Amino acid sequence: MSGPLRLPGRGLVDRTRTVAFRFDGRDYAGYAGDTLASALLAHGVRLVGRSLKYHRPRGIVGLGIEEPAALVAQRHPDGVEPNLRATMLPIADGLIAEAQNCWPGLRADFGAVAGMLAPFLPAGFYYKTFMAPRGRWLFYERFIRRAAGLGPAPEGEGGQRYARRFAHADVLVAGGGPAGLSAALSAAQAGARVVLALAGTQPARRLLGLARQIEGHAAAEWAQDALARLAANPRVTVLPEALVAGAYDHGLYTIAVRGAAGDPAARAGETVWKLRARAAVLATGATERLLLFPDNDRPGVMLASAIAGYLHRFGVLAGRAPVLVGNNDTIYAVALALADAGAPPRAIADLRPEPGAAAQAAASAGLAVLCGHGVVAVEGARAVRAVRLAPIDPDTGEARGAVHRFACDVLGMSGGFTPQVQLCAQAREPTAFDPAIGAFIARPRGGAVHAAGAVAGAFALDAALAEGHRAGLAAAAAAGLAAPAGMGAPRADAGPDPSPAIGGPLLVRAGRGKRFVDLQNDVTADDLALALREGYRSIEHVKRYTTLGMGTDQGRIGNMAGIALVAAGRGEEIGAVGTPTFRPPASPVSIGAIIGAEPLAAAQPLRRTPADAWHAANGAVFTNAGLWRRPQFYRRPGESDLDAVNREVRTVRAACGVIDVATLGKIEVQGPDAPALLDHLYMNSVGSLPVGRARYGIMLRPDGIPLDDGVVARLSERHFLLTASTGHVDTVFEHIMRAIQGGVAGMRAFATVVTEQWFTAALAGPRARAVLAALAGPGLDLGADALPPLGLREGQVAGIPARIVRVSFSGELAYEISVPAGRGLDLWQSILAAGAPHGIAPYGTESMGVMRIEKGFLIVGREADGRSTPHDLGLERMVARRKSFIGARSLRLPAFAEPGRRQLVGVTPVAAGARLPVGGHLVANPDPAATQPSLGFLTSHCWSPTLDRSIGLALLADGRARIGSELHAVSPTAGQSVRVRIVAPCFVDPEGARANG
Amino acid sequence: MLLLPCPFCGARAETEFVFGGDGSVAPPPEGENASDAAWTEALYFRDNPRGAHRELWFHRHGCRRWIAVERDTVSHAILRAELLVPSARKDGQA
Amino acid sequence: MRYSLLSLVRNALSGHRHWRPAWRDAAPKPAYDVVIVGGGGHGLATAYYLARLHGIGRVAVLEKGWIGGGNTGRNTTIIRSNYFLPANAHFYEHALKLWEGLSRELNYNIMFSQRGVVNLFHSPAEREGWTRRYNMMRLNGTDAEVLTRERLAAMLPELSLDPGARYPVLGGVIQPRGGVARHDAVAWGYARAADRLGVDIIQNCEVTGFEIGNGRIAGVETTRGAIRAGRVGLCVAGHSGTLARLAGLRLPIETHLLQAVVTEPVKPFLSRVVSSGALRVYVSQTAKGEVLIGGPLDGYNSYSQRGAWPTVERILAGAAELYPRIRRLRLMRQWAGVMDMSMDGSPIISATPVGGLFLNGGWCYGGFKATPAAGWCMAHLLATGATHDLGRAFALDRFRTGHILTERGEGPQPHLH
């Protein structure tokens, strides 16, 4: 039921639990512990997908992360997830997987016509055509885009299947082979907090089925026991099914772990760990390479080690009639395992001309060994049926003798082993070329990063164990932990270690058919030759021109062969050619897991003022202000947005209103030198402010441009309170701290942000004094003499200790009343209750904005746009002449005194009912479609219910000289044009009588 | 992701900090009497070294202090980190 | 050999054995009229226009590694001219016009896909700002449109317009002629075209010093020997400061990292380039099917070409706000380019205090899209010694007089640009 190729008694699957799944529209069964690949292979399924460019039939090639071809899409209840490696996808009841990149179906794929056109589609063909006529690329591209892309576009969001974790460790061990386990054991014994990331649920593949002994136990048993001991150690965290994906600055590693946090048993979803490790041991092993022979991509052509892996891990025979081909001794171990499982290879082709000891041993065991032979043809398009082997000239790669045909149903290939040095390279540690294995090995400098085992070139079991042990201790030492005396490395028996050393030709030229270097991107040996011929000789040029190794498998099984071909083509050493840059992650990582379940809300939590709940319950329409939400206005039934704003403004101007300004930045500055500090910070004079008085002030950046504005109040001789714009308070505080910490030695002044400590309500309007008087405690004199404009008083308001500053941003008589934040809601409700008889209304930021435009008050970020100087903004009279302050010198740069600068003006349509356009520019020609210079632009504008007309502020070239003249405000994108009059930038009560009354 | 050794808070991730730019920038000795050339040299021109770089970081989500850091701009190794303190010079800002 | 469908077919029949190298692997000669330092898009375009428009053929492009290996091969390939300041707007519009004819001009398909570049706005203030900017473009004669939320929904059905989002989308702007191009092909196409006009493209040749006498440049020293030239152009954005220091110059530039990432490839589902200032992210889908995502600077001086992880988290979070289903995609590659961040956010194409030494740098984010116009202006400067009107505002001495060109107005803090 779990497939005819499942052998009894072998593998680590749970045969008591049958799992039903569906692939490509058919139902299958497998066992718990199977991957989609193992389960399909058990059923003899060969064809699982179509290739990217030529739509060639493709099957399962590898065992795990290296899989280039067997990519499937998984159907979820809420959508589809593309590009999953069948070799990594655990089967579960109800799993629905689909083949990709084929239409109408996997078997009959229309796209396969591209295969027939292949001669016309060499690498980079698109650079040479589709150029005419001018501008038509978009047209061609539509077809090319549709043909490209592996799987379907994703659907659904995956929800809680994704999670993020944060952790710290002394030592990270990447890899659960003999070196990794040994390293984890020794580091743990040295007392290190260890995180061990295993690629699977079990120790690495090379420990399974290994007929060797470690410490007197079978290798697999020792490994299980080692894992159990590590898992039982409270200082060790074992992460199964975990890939160390990236190495970043200062010991940060990202690890992609299967399973969403909280539900690891389900093995669904993915979690990304961000691990800060003091040191790391890279024991990431080596991956087998493909061989370059004709049609080396046919379904049924697999990595030899994968065939062994399916046997040992899953009890699955990849085929009953295997043939093996290789350039190293490891194929003989696979051959013996197959023979032991009752499927002895029909033939073993060894590309090396001279039979070595392993070849001779296999031959004497009765296996058909053909030395100096390679594959010259693979028969069968959708599944291997037979291979043709012939003697291959090691220098030319051509056949030089009789061809033998062997019927077979699987072809195992081994082109040698490539150490997985991605993390080593990512960590900016060196690698070195090892000619014996034909690949680069990790050679870290040995500070915080160490390497052990196959990744460092130590393939022999005993060496891997010993190196792992040493690396674990060295990493623990780098983390500051000394090893206890008398620790020895685990020892292996003296059994045989098949050598990964390679020999024989790199490329079999004999025969027809494509020799794929990159199965996922359909890059062939001919493509690489073409790239070199056309002058794309740097390995990076070759990669980019042919797309070699740029797929999701990152060319794990083919890149080294490609590099060797490029080196041969250039007549240079492989070490001189080098590898393309390894870029993180080492293997693709789910975006859902990288960002976590609710990313933006978590990263940028909404800030609410103490009165927020009241606003929400009373019709507030909110707007974002930095991270805060603030009422924009309060809508009453039947009102439009504009109705609501107009009503609020009229209420303030006629009676009174109150606005929650708790978000306003508040900074206290204290100390005997506080006046000097503030005079250094503000462009206007503030140090001379009397106690109990406040003043509007502007800080400049070093380049002379306003940084922020606000009110400076002097609470006592040595104590000031500054306000800053809601969005700028952090920047302003940091600016102040920089002036203190980086300023003059011995300055006795300090600053603290107190924004969150206070709730502030601004009460504005002709009835404001009456409302406040109703709440004022005994002794709080609100009379014009006691509390004049810009005066400050402390006292009780509504029974709450409060600070009152008489300051107006609306042009009306106004008070900013601050109370401890915890009493904020009390104050807010008390003001509204006290104001009810006076017709009070709460108002929002939109209404506040209308009133400040009516008054011509600027906002930093709008009128003060980061380019305008104080002079441009009409604030030149505020600039102190007799003191030094930040930005002063810059104001004298020549550019700031030139004519033609944009200056702040007021703008209003000539026709009373007309409205200023959104994003409008001021121009001479009224035609909104005309190409013409912009003389200036609106910075803020609104409908003024006070004047019953549209008004705005603008920055206009030589604006002050144009006051009284007429121009046009145009919005070409909206096709709008309005004749406007340029006026002084204050529309209501320019004398300030209302606020000062 | 950098780990910055804050003198008050210990080693903390860069996400807690705000970068403050080149910390070696100093206004010309003539102060506000400097020529345009001398003034703009300090305002706009930088050594921009490939290697050790003196720079400022503000621990916004920590102690809220400026830290003077020397960091290698190639390896990102932190060579030194200390609290920014006033120099003996007058007028510490460009 | 001209590239065409016909030549492709003809070569297919002979097994593609007769294609010629796209450019010669030239060895350095002792002297040139003009030496260009930097074999990226800008340097190669400069060489091409020098030969093509100014008849100067004795030109060498010196590249320390492989051509197109710097920021030309590391960017998000977006091309647009949606600038506010007239100097930037006219310059980038000139670039865009050159882009539109570039494949034909170079006889190399750089795959300029004018699929439109959309910027979203999330607040009334952003709406005002973007509309002001796009109105400015129209006044300058550039294509620009403002999109309501409804038009946006019709144009980009894949975009999430959830009104309950942290920063709900209120609308957007589009430059329909904007798009993306194949970045490597730009370097290769210019190299091939320049090579045919006699330019020597010399790879693996690093400049180690400048020969300067009496305040004038006389040549360069390289790892492959000294080369004499009376005019030298630096086109090495990302490393301008390092090279300029060899000539004794200090620049108004800091070097910062800018990252980008791609997902694994899937069938097309994103039609246009979409960016959001509030979410600080831009997203497009490549012809190959990868989703290409870029964002802001890492935020501190660096030459490391290795980006920090928090930036990746941030830009992916932003991209998932726009397209929630990309959570189901996997991040395939992450990389970083080292950027010349000028102190005002605008580029520098300029003479320098050293006679005969000219600088093209300070490109911030704008380098790739500027390539044709930057080469065009730089060639004019090298050929005539005088700045073309299009590049006049980009002179180095603007930092001496206060005539700074700042689009966003953050002040002299490059990490905030």
Side-chain angles (χ1 to χ4, degrees), chain A residues 166 168 246-254 274-278 427-428 447-448 603 667 673 677 680-681 699-704 729-731 733-753 883-896, chain B residues 1-5 7 11-15 17-21 23-28 30-40 42-44 54 56-61 63-68 71-78 82-94:
Chain A
F166 308 84
H168 293 262
Y248 299 88
D249 286 324
H250 302 174
L252 180 78
Y253 294 86
T254 53
K274 292 194 280 182
L275 177 73
R276 195 70 87 155
R278 292 176 198 275
R428 299 293 163 93
I667 298 168
D673 293 326
L677 173 68
H680 178 59
L681 287 164
M699 293 185 191
L700 302 185
R701 308 187 306 217
D703 64 351
V729 60
D730 285 334
T731 316
F733 176 64
E734 284 149 21
H735 182 72
I736 296 171
M737 287 306 294
R738 192 156 173 174
I740 294 171
Q741 287 184 254
V744 184
M747 175 177 281
R748 294 162 301 166
F750 216 77
T752 309
V753 178
K883 67 162 186 167
S884 143
F885 56 91
I886 293 172
R889 175 63 186 84
S890 295
L891 295 177
R892 301 206 307 271
L893 290 174
F896 292 169
Chain B
M1 177 162 57
L2 306 181
L3 208 52
L4 293 163
R12 297 299 182 95
E14 72 180 62
T15 43
F17 294 81
V18 170
F19 184 63
S24 68
V25 171
E30 309 86 351
E32 297 197 357
N33 298 320
S35 66
D36 284 352
W39 182 254
T40 54
L43 193 57
Y44 291 119
R54 288 177 56 202
L56 299 179
W57 290 82
F58 188 78
H59 199 180
R60 185 182 276 183
H61 303 294
C63 58
R64 292 189 156 186
R65 298 290 179 276
W66 284 102
I67 314 297
R71 183 180 57 94
D72 188 305
T73 56
V74 180
S75 70
H76 290 181
I78 307 293
E82 58 202 20
L83 184 69
L84 176 67
V85 290
S87 63
R89 266 187 313 95
K90 234 181 119 50
D91 186 14
Q93 288 259 352

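Per chain, numbering begins at 1; letters A, B, ... match sequence-line order. Since this is a predicted model, take the numbers as computed values, not measurements.
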Interatomic distance, B/Glu14 atom CD to A/His250 atom NE2 [nearest 0.5 angstrom] | 9.0 Å
Check whether A/Thr752 gets within reach of chain B through its side chain, its backbone, both or neither, counting any heavy atom under 4.5 Å.
-> neither
Working to the nearest 0.5 Å, report the span between OH of B/Tyr44 and CG of A/Asp703.
-> 4.5 Å
Under 4.5 Å heavy-atom distance to chain A, tell me which part of B/Ala13 shows up: side chain, backbone, both or neither.
-> both
Among A/Arg428, A/Met737, A/Met747, A/Arg892, who wins on heavy-atom pairs under 4.5 Å with chain B?
-> A/Met737
Might you point out which heavy atoms bring A/Gln741 and B/Leu84 nearest each other, and give the distance in Å?
-> NE2-O, 2.9 Å
Side chain, backbone, both or neither: which part of B/Ser35 has a non-hydrogen atom closer than 4.5 Å to chain A?
-> backbone
Backbone N/O of A/Ala739 and side chain of B/Trp66: donor-acceptor pair under 3.5 Å | no
Chain B contact via A/Tyr253 - which portion, at a heavy-atom distance below 4.5 Å | neither
Criterion side chain to side chain contact (heavy atoms under 4.5 Å, CB included) on B/Thr40 and A/Arg889, from CA distance to verdict = CA-CA 10 Å; B/Thr40 54; A/Arg889 175 63 186 84; over 6 Å; no
So how far is it from A/Glu734 CD to B/Leu56 CG, rounded to the nearest 0.5 Å?
-> 11.5 Å
How far does NE2 of B/His76 sit from CG of A/Asp249, to the nearest 0.5 angstrom?
-> 5.5 Å
Specify the closest pair of heavy atoms between B/Pro86 and A/Gly743, including all atoms of both residues, with the distance to one decimal.
-> CB-O, 3.3 Å
Residue pair A/Pro702 / B/Trp39: nearest heavy atoms and the distance that separates them = O-CZ2, 4.2 Å
Report yes if the side chains of A/Asp730 and B/Phe58 come closer than 4.5 Å at any heavy-atom pair, otherwise no.
-> no
Looking at B/Asn33, B/Val18, B/Leu2, B/Val85, which one has more heavy-atom pairs under 4.5 Å with chain A than the rest?
-> B/Leu2
Closest non-hydrogen atom pair between B/Gly20 and A/Arg738, with its separation = O-NH1, 2.9 Å
